[in-house]
Amino acid sequence: MRTATLGPAQRAESLAGMAERELDILVVGGGVVGAGTALDAVTRGLTTGIVEARDWASGTSSRSSKLIHGGLRYLEMLDFALVREALKERGLLLERIAPHLVRPVPFLYPLQHKGWERWYAGSGVALYDGMSMARGHGRGLPLHRHLSRRHALRVAPCLKKDALVGALQYYDAQMDDARFVATLVRTAVSYGAKAANRARVTGFLREGERVVGARVQDVEGGGEYEVRAKQVVNATGVWTDDTQAMVGERGQFHVRASKGIHLVVPKDRINSTTGLILRTEKSVLFVIPWGRHWIVGTTDTDWDLDKAHPAASSADIDYLLEHVNSVLAVPLGRDDVQGVYAGLRPLLAGESDATSKLSREHTVAHPVPGLVVVAGGKYTTYRVMAKDAVDEAVHGLDMRVADCVTEEIQLYGAEGYRALWNARARIAADTGLHVVRVEHLLNRYGSAALEILALITENPALGAPLQAADDYLRAEIAYAASHEGARHLDDVLTRRTRISIETFDRGTLSALDAAELMAPVLGWDKDQMEREVQHYEKRVEAERESQRQPDDLTADAARLGAPDIVPL
């Protein structure tokens, strides 16, 4: 297995290296599309750099429904091309690219009308399965099945008896979206890409009309670098228009932000062995298995306020509770909600009807020489978006460049994962960890779990659970800072782990223990540790306060009451 470390030393070397010599490709934006673009470019043999203003996946790519899916509802819109493309990507991710990070998840669709609905919905799900199998990438998932009401209630006893007359059950897939992005970046680095988070682009370098690089500010250290590149790829999602404005050119399309919120509730609050998919008057509502929890979401509302920290209002939370409770025999209340998170979808919006219809499709443009823009799309098709972006950038390179190979590239930790999974009982016996702990590590890191087990061997104290967050080992916190690019406490509690949404205290009781584990890796003194903990506590309180507010405007103002970053 190749090594890939996103530690403090690697970050410093990457920033310096990007400024030393011209790159072939500089990617701006560290979400799933940007990370995928960096991996695509570097595996074609191009010298590649990627910078992210905040943390990897800190925007949309850590706040999704955490599904890898074909988009069953797009069949109803007759968007067969999008569904076909997404189903192919789902299969590649499950079977080849990231079997350690992407896994099957069942969903139950309750039927509320006899006769026609079973035929109508059943035809759609059968087509969904058929399209998946036709592409040769559906073998990793069971086929759908029709259930009677009695059978459906055995599978999902949580449902009201009068909420269904029968049901369909089908399979999609899920992943931890933020962990997936960090793994993409690590994989790109393992092939030679230079990567730096907390590195903000403040402007583009120009030679006449041509973009020839970017000015990059080290948000942590305060220095500024001129990074020259033959092609720059703008992959900044909902910030696309803001980044384009730095060039001073009118964009060929615009990106509109749509807010979606999710609730996280304990597993025992909903008695079901399967996820649920429910229709609402506007879209669909998912109840998604998530370890010892459920994720309930999502909403779909316009958002034109702060993009960095979209806020969930009290009205958003009530909307989800009202809709999920319409089918639950034992309703959920506010006290059942452990965590809440809000994310923004980057939807394409143009000045013509044709452009506005693009919606969840993506587009790539070359607005000025030297600058490629990629926007729109959905998480599942990130690899296709990345390929299209690099294909477009290649047109501006005066050299022969290999075709995309990312269909064949396994993400870091995939190699050897299945063999280690088969040996998990032996690994548990050898390490003294419970087999459930070993399974947890393998499902989060794949074969890179061996690196964490090595840390525990060196320091057995790291084999204990983190304070007030028993699902995670202390070694995972140290590893997040030393190997996964975490720079701040917020990065670890919110993205490298999901403690911020999986505990009722939202990570405040774990904050000090986590900070003490990160401190020696990142060189924090006691004062910096205290600032990290205080910043995190203020962030949690600001989020709680925003969730008490009646609407978006007041929720946004409350969330912005906490500072954005802790300077080192």
Side-chain angles (χ1 to χ4, degrees), residues 62-67 103-108 110 153-160 163 174-179 260-278 285-299 312 314 316-343 434 436-437 439-441 443-444 465-473 476 492-511 513-514 536 540-541 543-544 546-548:
S62 61
R63 307 178 190 203
S64 73
S65 296
K66 315 199 188 314
L67 293 177
R103 54 195 50 88
V105 59
F107 285 103
L108 190 78
L153 290 172
R154 284 203 304 270
V155 172
C158 61
L159 294 172
K160 293 177 181 175
Q174 71 174 163
M175 47 69 222
D176 183 328
D177 47 10
R179 171 151 299 286
I261 82 145
H262 296 80
L263 311 180
V264 181
V265 301
K267 194 77 167 182
D268 62 4
R269 301 305 199 272
I270 299 176
N271 183 11
S272 179
T273 60
T274 179
L276 306 173
I277 178 172
L278 312 168
L285 185 72
F286 286 102
V287 179
I288 306 163
W290 180 254
R292 295 200 295 160
H293 314 270
W294 297 97
I295 293 175
V296 180
T298 180
T299 58
S314 180
D316 291 327
I317 296 170
D318 287 343
Y319 173 87
L320 288 182
L321 289 176
E322 176 186 349
H323 280 80
V324 75
N325 285 339
S326 68
V327 299
L328 294 182
V330 179
L332 297 173
R334 285 290 186 110
D335 291 343
D336 295 316
V337 177
Q338 277 182 303
V340 181
Y341 65 93
H434 194 285
V436 172
R437 294 285 189 195
E439 290 175 350
H440 162 88
L441 293 175
N443 281 330
R444 280 171 54 76
L466 185 69
Q467 182 175 320
D470 290 350
D471 285 349
Y472 299 94
L473 297 178
E476 296 181 74
V492 168
L493 297 180
T494 306
R495 286 173 289 279
R496 304 308 183 280
T497 71
R498 294 304 189 154
I499 294 168
S500 66
I501 58 172
E502 292 176 347
T503 58
F504 280 107
D505 64 271
R506 303 201 178 173
T508 55
L509 297 181
S510 306
D513 194 17
Y536 185 78
V540 170
E541 181 47 43
E543 287 187 346
R544 288 188 186 278
S546 71
Q547 291 155 21
R548 299 183 191 108

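Note that the coordinates shown come from a computational prediction; the quantities given were computed from them, not determined experimentally. Note that these values count all heavy atoms, side chains included, but never hydrogens, waters or copies made by symmetry.
- Residues Thr299 and Asp316 have side chains that never bring a donor and an acceptor to within less than 3.5 angstrom of each other.
- Looking at heavy atoms from C-beta onward, Glu476 lies in side-chain contact with Leu441 at the 4.5 angstrom threshold.
- A 4.5 Å side-chain heavy-atom check between Trp294 and Ser272 finds at least one atom pair inside the cut-off.
- For the pair Arg506 (side chain) and Glu543 (backbone), a donor-acceptor distance under 3.5 Å is absent.
- With sequence neighbours excluded, no residue satisfies salt bridge (charged side-chain N to carboxylate O under 4.0 Å, His left out) with Arg544.
- Nearest approach of Ala342 to Arg63, heavy atoms of both residues: O-CD, 2.8 Å.
- The shortest distance between side-chain heavy atoms of Ile317 and Leu321 falls below 4.5 Å.
- Remark: the backbone N or O of Ile501 is not paired with any side-chain donor or acceptor of Gln338 at under 3.5 angstrom.
- Legend: residues meeting salt bridge (charged side-chain N to carboxylate O under 4.0 Å, His left out) with Glu541, ordered by chain and number and at least two apart, are Arg548.
- In this structure, the side chains of Ile270 and Val287 come closer than 4.5 Å at one or more pairs of heavy atoms.
- Arg334 and Ser314 are linked by a side-chain donor-acceptor pair at a separation below 3.5 angstrom, with hydrogens and angles left out of the test.
- The two atoms that bring Val324 and Leu332 nearest to each other are CG1-CD1, 4.0 Å, heavy atoms only.
- Glu322 places no side-chain N or O within donor-acceptor distance of the main-chain N or O of Tyr319, the cut-off being under 3.5 Å.
- Residues Arg103 and Asn443 have side chains in contact (heavy-atom distance under 4.5 Å, counting atoms from C-beta outward).
- Counting heavy atoms from C-beta outward, Val327 and Pro110 have side chains that stay 4.5 Å or more apart.
- In this structure, Ser65 and Gln174 have side chains that are not in contact, with every pair of non-hydrogen atoms separated by 4.5 Å or more.
- The ring-ring contact (aromatic ring centres under 6.0 Å, His included) test applied to His262 returns Tyr341, not counting sequence neighbours.
- Looking at Leu159 and Leu276, their side chains come closer than 4.5 Å, going by heavy atoms from C-beta outward.
- Distance check: Phe107 CZ to Leu67 CG gives 4.5 Å after rounding to the nearest 0.5 Å.
- When atom types are taken as modelled, the side chain of Asn271 and the backbone of Cys158 share no donor-acceptor pair closer than 3.5 angstrom.
- We find the CD1-NZ distance between Ile295 and Lys66 to be 5.5 Å, quoted to the nearest 0.5 Å.
- Glu502 and Trp290 are linked by a side-chain donor-acceptor pair at a separation below 3.5 angstrom, with hydrogens and angles left out of the test.
- Not one N or O on the side chain of Thr494 forms a donor-acceptor pair closer than 3.5 Å with the backbone of Ser500.
- Pairing each heavy atom of Leu466 with each of Ala514, the nearest pair is CD1-N, 3.9 Å.
- Only one option out of Asp268, Asp471, Leu263 pairs with His293 in a side-chain contact (heavy atoms from CB on, under 4.5 Å); it is Asp471.
- One finds a salt bridge joining Arg498 and Asp177 here, because a Lys/Arg side-chain nitrogen approaches an Asp/Glu carboxylate oxygen to under 4.0 Å.
- Side-chain atoms of Asp336 come within 3.5 Å of backbone N or O of Gly333 as a donor-acceptor pair.
- Between the side chain of Arg444 and the main chain of Arg496, a donor-acceptor pair closer than 3.5 Å is present.
- The line from CG of Leu108 to CD1 of Ile277 is 10.5 Å long, rounded to the nearest 0.5 Å.
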